[in-house]
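Worksheet: one structure, shown below.
First the proteins, then the strands, lettered A, B, ... as listed; each starts at 1.
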There are 2 protein chains.
Amino acid sequence: MQPKRNTWQREAVRASLAEAHGFVSAQQLHQVLRDSGSTIGLATVYRNLASLADTGEADSLQSPEGENLFRSCATQGHHHHLICRSCGDTKELSATVVEEWTQRVGAEYGFTEIEHVVDLFGLCERCRAAGRE
Amino acid sequence: MQPKRNTWQREAVRASLAEAHGFVSAQQLHQVLRDSGSTIGLATVYRNLASLADTGEADSLQSPEGENLFRSCATQGHHHHLICRSCGDTKELSATVVEEWTQRVGAEYGFTEIEHVVDLFGLCERCRAAGRE
DNA sequence: TTTCTAAATGAGAACGAGTATCACTATAGC
DNA sequence: GCTATAGTGATACTCGTTCTCATTTAGAAA
């Protein structure tokens with residue numbers, strides 16, 4: 001649900017999320033905020049991230065480890081992600097091919113109300129060059 | 001890692017997994033086994049599911065709630081799933097289109113070692129007919 | 001068959017992400 | 001400024017999963 005009041009905490013979460021390069025977890029964001037002197041609480045970070053995701057201001061996805069990750073959302077509408085598993089840097093992808101395939105396969109098996117999870121994890125050029133993994 | 005010994009516990013997990021119709025959680029499987037009189041431990045169920053997934057005998061995926069789900073694997077090799085969100089019934093899909101797209105997009109952005117998560121959730125014909133959701 | 005040893009197990013403790021609770025704080029409308 | 005209540009924050013809690021470690025046991029060797 002949309003919040004009815006603006007608080008500095010909500011603004012801090014929004015700002016901190018915008019500064020992050022890729023997807024970050026609530027815990028990471030909380031740590032960054034605390035490290036920079038904020039007294040914001042963990043629960044508040046969770047609450048605000050959830051509501052930002054709810055309004056479409058932020059994207060959220062599950063990491064392979066099952067953690068919820070958030071990102072300040074650049075592109076409007078449905079899209080997918082290509083995420084560097086080392087530095088978290090993210091490209092937003094539109095994927096007509098995938099959408100079409102999704103619908104076709106769903107229909108073929110008589111499934112309706114298809115939702116799809118399509119995310120790519122890889123190693124970006126910079127991280128590969130730096131020998132990270 | 002592959003286990004070096006065969007135990008009745010491992011066999012029980014394998015059998016119970018094969019009997020389940022769709023994806024099940026470790027906890028569910030443990031409950032089923034205990035209910036049928038087994039004294040198997042929860043940790044053992046987790047261990048064996050993980051190793052079955054490791055050897056390719058079982059498929060695993062994350063539910064939208066972040067739980068790890070497992071399924072006795074019918075098809076060899078890489079494939080995706082179309083899962084009924086009501087009854088858990090699952091179709092295995094091969095998706096050359098998606099694999100190609102994955103590689104192309106990865107290369108385009110200079111990403112390497114691309115892993116992809118592609119799973120479809122929908123409502124199967126039977127469940128739709130039954131008015132479930 | 002008996003013996004031996006490390007792999008595997010099981011009970012429960014520990015862990016970590018996320019949620020709920022609830023007294024307190026501070027925003028926004030008056 | 002005053003007030004009602006949305007929002008906050010410390011912390012307790014839930015729940016899935018992993019770890020620990022004493023005990024059991026598969027399977028090789030004698």
Report the distance from atom [atom1] of [X] to atom [atom2] of [N], rounded to the nearest whole Å.
X      : N       : atom1 : atom2 : answer
R14(A) : dG7(D)  : CZ    : P     : 13 Å
E67(B) : dT18(D) : CD    : P     : 12 Å
L49(B) : dT18(D) : CG    : C1'   : 14 Å

Next on the checklist: Does dT18(D) have its OP1 or OP2 closer than 4.0 Å to a side-chain nitrogen or oxygen of Y46(B)?
Outcome noted: no

Checklist entry - Near DNA chain C, which residues from residues 29-44 of chain A have a heavy atom under 4.0 Å away? => result A43(A)

For nucleotides 24-27 of chain D, which of its nitrogen or oxygen atoms have a protein nitrogen or oxygen under 3.5 Å away, and what is each distance?
residue : atom : partner : partner atom : Å
dT25(D) : O2   : R5(B)   : NH1          : 3.4
dA26(D) : O3'  : N6(B)   : O            : 3.4
dA26(D) : N3   : R5(B)   : NH1          : 3.2
dG27(D) : OP1  : N6(B)   : N            : 3.0

Checklist entry - Salt-bridged, E19(B) to R14(B), with N to O below 4.0 Å? => result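 Judged by the 4.0 Å cut-off on N to carboxylate O distance, E19(B) and R14(B) do not form a salt bridge.
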
Item to check | Test item: Q28(B) side-chain N/O and S25(B) main-chain N/O as donor-acceptor pair under 3.5 Å | outcome: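 Side chain of Q28(B) to backbone of S25(B): a pair is present.
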
Item to check | Short side-chain to backbone donor-acceptor contact, S36(A) and L33(A), under 3.5 Å | outcome: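 Yes: the side chain of S36(A) pairs with the backbone of L33(A).
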
Please list, one pair per line, the donor and acceptor atoms closer than 3.5 Å that link side chains of residues 96-105 of chain A to other protein atoms, with sequence neighbours excluded.
residue : atom : partner : partner atom : Å
E99(A)  : OE1  : H116(A) : NE2          : 2.9
E99(A)  : OE2  : H78(A)  : NE2          : 3.4
E99(A)  : OE2  : H80(A)  : NE2          : 3.0
T102(A) : OG1  : V98(A)  : O            : 2.8

Checklist entry - Can you list the residues that meet the ring pair (Phe, Tyr, Trp, His ring centres under 6.0 Å) rule with F23(A), with sequence neighbours excluded? => result H81(A)

Next on the checklist: Holding to ring pair (Phe, Tyr, Trp, His ring centres under 6.0 Å), I want the full list of residues that pass it with H30(A), two or more places apart in sequence or in another chain.
Outcome noted: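 Partners of H30(A) under the ring pair (Phe, Tyr, Trp, His ring centres under 6.0 Å) test: none.
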
Next on the checklist: Distance under 4.0 Å to a non-hydrogen atom of chain A counts as contact; along DNA chain C, which nucleotides mark the start and end?
Outcome noted: dA17(C) to dA28(C)

